[in-house]
Amino acid sequence: MNNVVFYDYWRSSASYRVRIALNLLAVDYKTVSVNLLEGAHRTPEYLALNPQGFVPTLVIDGKTLTQSLAIVEHLAELRPECGLLPADIDDRQKVRALAYAVAMDIHPICNMHVVAYLTNLTDKADAREAWMKHFITDGLRRLEAMIGSVDEAFSFGDRPTMADLCLVPQVYNARRWGVDMTDFRRIVAIDGRCAELPAFQAAHPDRVKP
Ligand SMILES: N[C@@H](CCC(=O)N[C@@H](CS)C(=O)NCC(=O)O)C(=O)O
């Protein structure tokens, strides 16, 4: 990987997942900020890179990669020693299930264009906040049950995997919306443990905010 360009928005949790992966793999990359609030993801130039009009996009030596988890899985395959996906096929399935529980079941219904549509449909001033709190709380409750009561250091085992790359940005988002985290003992503990690691610290939205 000689020339790596990352199209990123500091508050995007899908981008945050990939930032953590790049940091864990110690990839040297240049960032291009795509300001979602200004509609920079809908310009013809950006759509040529990412036809869905979502962040993130990663370009490695001229090769364009989209979809955060497809990017993370690609990086995990390039550098299997980093353990983002475990070596054992059954363990790998478990890590994917935990990651997808966030990325496919919580994140899409709380995405910017979904919530913007909701607020067009209703006059209720607090609809956006109620929606976010409801679906994030519900999704985290299911994730907490999946992770179970076994006190492993991370979501799966004793080192960060793709599951933690999804959990941490989702917790950041939950706190942003004022979700009560009291019942999510394992999730909060894992988030705290990840927060001690430099790769996670350097990827935090407050650290990359333009
Ligand atoms: N499944 C996609 C989702 C990407 C995504 O939804 N990104 C959000 C930011 S977290 C986005 O670009 N939203 C723009 C919009 O909703 O219009 C991925 O994981 O890359």
- request: Would you check, one step at a time, whether the test salt bridge (charged side-chain N to carboxylate O under 4.0 Å, His left out) holds for D90 with K94?
  value: CA-CA 7 Å; D90 295 325; K94 291 198 175 80; over 6 Å; no
- request: Would you mind telling me which of L22, V5, T64 makes a side chain to side chain contact (heavy atoms under 4.5 Å, CB included) with L58?
  value: L22
- prompt: Could you give the distance from CD1 (I20) to CD (Q201), rounded to the nearest 0.5 Å?
  reply: 11.5 Å
message: Do F6 and F54 sit in one hydrophobic cluster, given that two such residues count as connected whenever their side-chain heavy atoms are within less than 4.5 Å of each other, even indirectly?
response: no
message: For residues M104 and I71: do they belong to one hydrophobic cluster (side chain heavy atoms under 4.5 Å, members Ile, Leu, Val, Met, Phe, Trp, Tyr)?
response: yes
field: side-chain contact (heavy atoms from CB on, under 4.5 Å) between T137 and F184, intermediate numbers included
entry: CA-CA 9 Å; T137 305; F184 309 137; 4.1 Å; yes
field: Candidate list L25, T161, L24, test side chain to side chain contact (heavy atoms under 4.5 Å, CB included), partner C82, passing option
entry: L25
field: M162 reachable from M146 in the ILVMFWY side-chain graph, under 4.5 Å edges
entry: yes
- line: For Y117, the hydrophobic cluster (side chain heavy atoms closer than 4.5 Å, chained through members) also holds L121
query: Is a salt bridge present between D8 and R19, judged by a nitrogen-to-oxygen distance below 4.0 Å?
result: yes
task: Determine whether L37 and V115 fall in the same hydrophobic cluster, where Ile, Leu, Val, Met, Phe, Trp and Tyr are linked whenever their side-chain heavy atoms lie under 4.5 Å apart.
output: yes
- prompt: Between M1 and L75, is a side-chain contact (heavy atoms from CB on, under 4.5 Å) present by the stated rule, with each step listed?
  reply: CA-CA 10 Å; M1 286 187 249; L75 294 171; 4.2 Å; yes
- request: Specify whether Y7 and Y46 have parallel, tilted or perpendicular ring planes, treating 30° as the upper limit for parallel and 60° as the lower limit for perpendicular.
  value: tilted
- line: So CG of L140 and CD1 of I187: to nearest 0.5 Å the spacing works out to 4.5 Å
- request: Group every Ile, Leu, Val, Met, Phe, Trp and Tyr by side-chain heavy-atom contacts under 4.5 Å, then state whether V179 and M112 land in the same group.
  value: yes
